[in-house]
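Read the structure below first, then the notes.
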Amino acid sequence: MSDPTPSSFSAASVRRGAEWLRGLGADADVVVSSRVRIARNLVGFPFLTRASRQQRQQILDLTRTRLLNCGLAEQMLWVDVHTAPQLDRTLMVERHLISKEHAKPSASGAAATPEKAAPAPAADLPRGVAVSLPDERLSVMVNEEDHLRIQVLRSGFELVRAFEQADDADTRIESAPGPAPLAYAFSPRFGYLTACPTNVGTGIRVSVMLHLPALKMIGEMDKVRRATRDMSLAVRGYYGEGSEAAGDFYQISNQTTLGKPERVILHEFEHEIIPKIIDYERKARTLLLNKRRRLIEDTVFRALGVLRNARLLTPEESFSLLSQVRLGIHAGLISDASDQAVNQLILLTQPAHLQRVLNREMDQAQRREARADLVRERLSA
């Protein structure tokens, strides 16, 4: 095996994009990705809100070796998030490998955002992440809200496969050999114990990212909100909790885990709520094509024309326009651009990726120019 612990993403992997944005998997025209996340805490340590810096470091040291050597993937990338440059932290947020909270400078209270991020203070608290390579499907955050956040992210509607991989990783981590025993905090009455009460029980959060431009265009997003509200699900934006819907991408996830076995949560997503939303969106696309064809054609081709000719693009503009082009591809209106190319541009036009791809740091004005140049190059007719 080659070096199992590279410390950063290669230029090639950044340009290639993340596996979950490749347009693969079931129902990928509507379901962009499926994610399963498992929260775990270790016996013998307080929750992170009460843990000292020394205890956080002990948790990091105790888990790092296990994560890199318990067979989670052929190769694992390890990043000490607390010492990583802010650009690298933002890059991992953009790739959905860590949360915005995990990237945030812990001593400053200033949240990291894709477009504007505070510098990391010297007193940043110990935390890290292990990422499977080359697919990046699996990431394990250490010292986020809980001691461990095991996450599997797959392209398309692949919740069962994502759960199976996350469950296997969960078992491997707990049973991995090490210099000291590792056990998860568990109550016979309540289940797995977590920092947030809504995660107590199974500790599992299931979510899917959906692309719903047609429902937005015909003003029927209320159907989705009603359906999710009736099943106590949360609807969030592209970056999850605390984010707004951008480019008509929405994340839908369960809000509570206590009292529901994993298989019940998965069944609800697999067979009840998500198939309904997929059907709503596809019917909305058919309606637009059959009864409001000029509207959808104008929206799609106007977006493609701007992207192929613009000299300045903000992140918000490119995101919205690429979303409309993606709709055009799946509606059969655009044949000279691929879904995979558009999905990849959604990632590469974000600030940290743009700077890493071009191998130079840029201010906001320079990024607007570079973003437009990159899109024109990739989407040239």
Side-chain angles (χ1 to χ4, degrees), residues 7-11 13-21 32-33 35 37 39 77-121 124-133 135-146 148-155 205 207 209 236-247 249-251 253 314-316 318-319 322 343-358 361-362 364 367 371:
S7 58
S8 64
F9 293 95
S10 68
S13 69
V14 171
R15 286 193 296 269
R16 183 173 61 246
E19 187 276 341
W20 60 270
L21 267 177
V32 179
S33 64
R35 185 189 72 172
R37 191 197 68 201
L77 163 72
W78 174 266
V79 179
D80 282 316
V81 176
H82 59 294
T83 61
Q86 189 61 56
L87 184 65
D88 286 356
R89 299 188 194 194
T90 307
L91 182 102
M92 290 187 288
V93 172
E94 292 174 356
R95 295 177 89 82
H96 288 222
L97 296 173
I98 65 174
S99 65
K100 289 197 292 183
E101 285 299 310
H102 205 47
K104 182 171 64 176
S106 54
S108 72
T113 64
E115 193 65 12
K116 184 177 181 181
D124 226 350
L125 295 173
R127 58 197 188 279
V129 63
V131 180
S132 67
L133 297 178
D135 57 28
E136 300 177 24
R137 286 175 176 166
L138 170 70
S139 64
V140 184
M141 289 176 277
V142 181
N143 289 345
E144 196 239 24
E145 182 178 68
D146 294 287
L148 294 174
R149 286 284 178 93
I150 304 163
Q151 173 185 281
V152 173
L153 191 61
R154 299 182 70 99
S155 180
R205 284 292 181 99
S207 69
M209 185 183 295
R236 300 186 172 100
Y238 184 80
Y239 285 105
E241 189 169 1
S243 65
E244 299 295 326
F249 291 92
Y250 300 83
Q251 285 193 45
S253 63
T314 66
E316 296 78 15
S318 62
F319 208 103
L322 287 166
N343 287 345
Q344 189 178 44
L345 277 172
I346 288 172
L347 191 63
L348 297 184
T349 53
Q350 295 181 57
H353 276 79
L354 188 65
Q355 293 174 87
R356 286 292 296 274
V357 167
L358 299 177
E361 292 192 18
M362 295 174 280
Q364 191 169 352
R367 290 198 296 270
R371 185 176 293 110

Residues two or more places apart in sequence or in another chain: which of them pass side chain to side chain donor-acceptor pair (under 3.5 Å) with [X]?
X: S155; value: none
X: S33; value: none
X: E145; value: R149
X: S139; value: Q151

If you measure from [atom1] on [X] to [atom2] on [Y], what distance do you get to the nearest 0.5 Å?
X: S207; Y: R205; atom1: OG; atom2: CZ; answer: 9.5 Å
X: E19; Y: R95; atom1: CD; atom2: CZ; answer: 11.5 Å
X: R371; Y: Q364; atom1: CZ; atom2: CD; answer: 8.5 Å
X: R37; Y: L148; atom1: CZ; atom2: CG; answer: 12.5 Å
X: E316; Y: T349; atom1: CD; atom2: OG1; answer: 10.5 Å
X: L21; Y: Q344; atom1: CG; atom2: CD; answer: 9.0 Å

- Can you check side chain to side chain contact (heavy atoms under 4.5 Å, CB included) on N343 and L322, steps first, answer last? CA-CA 8 Å; N343 287 345; L322 287 166; over 6 Å; no
- Item | Whether F249 and F319 hold their rings parallel, tilted or perpendicular, with breakpoints at 30° and 60° | perpendicular
Quick one: does [X]'s side chain get under 4.5 Å of [Y]'s, heavy atoms only?
X: R356; Y: D88; value: yes
X: V129; Y: L77; value: no
X: E136; Y: L133; value: yes
X: H96; Y: M209; value: yes

- Task: May I ask you to decide if R127's main-chain N or O and N143's side chain share a donor-acceptor pair within less than 3.5 Å?
- Result: no
- Criterion side-chain contact (heavy atoms from CB on, under 4.5 Å) against V81, the qualifying member of M141, H102, E144, K104: H102
- List in chain and number order the residues that pass side chain to side chain contact (heavy atoms under 4.5 Å, CB included) with L358, two or more places apart in sequence or in another chain; answer none if no residue qualifies. L354, R360, M362, A370
- Note on the structure: Residue set satisfying side chain to side chain contact (heavy atoms under 4.5 Å, CB included) with T83, at least two apart, ordered chain then number -> D80
- Item | Heavy-atom pair with the smallest gap, counting every atom of A103 and V93 | CB-CG2, 3.5 Å
- Message: So which atom in R367 and which in P351 form the shortest heavy-atom distance, rounded to 0.1 Å?
- Response: NE-CB, 3.9 Å
- Item | Full working for side chain to side chain contact (heavy atoms under 4.5 Å, CB included) between H82 and L125 | CA-CA 6 Å; H82 59 294; L125 295 173; over 6 Å; no
- Query: Can you name the salt bridge (charged side-chain N to carboxylate O under 4.0 Å, His left out) partners of R154, sequence neighbours left out?
  - Reply: none
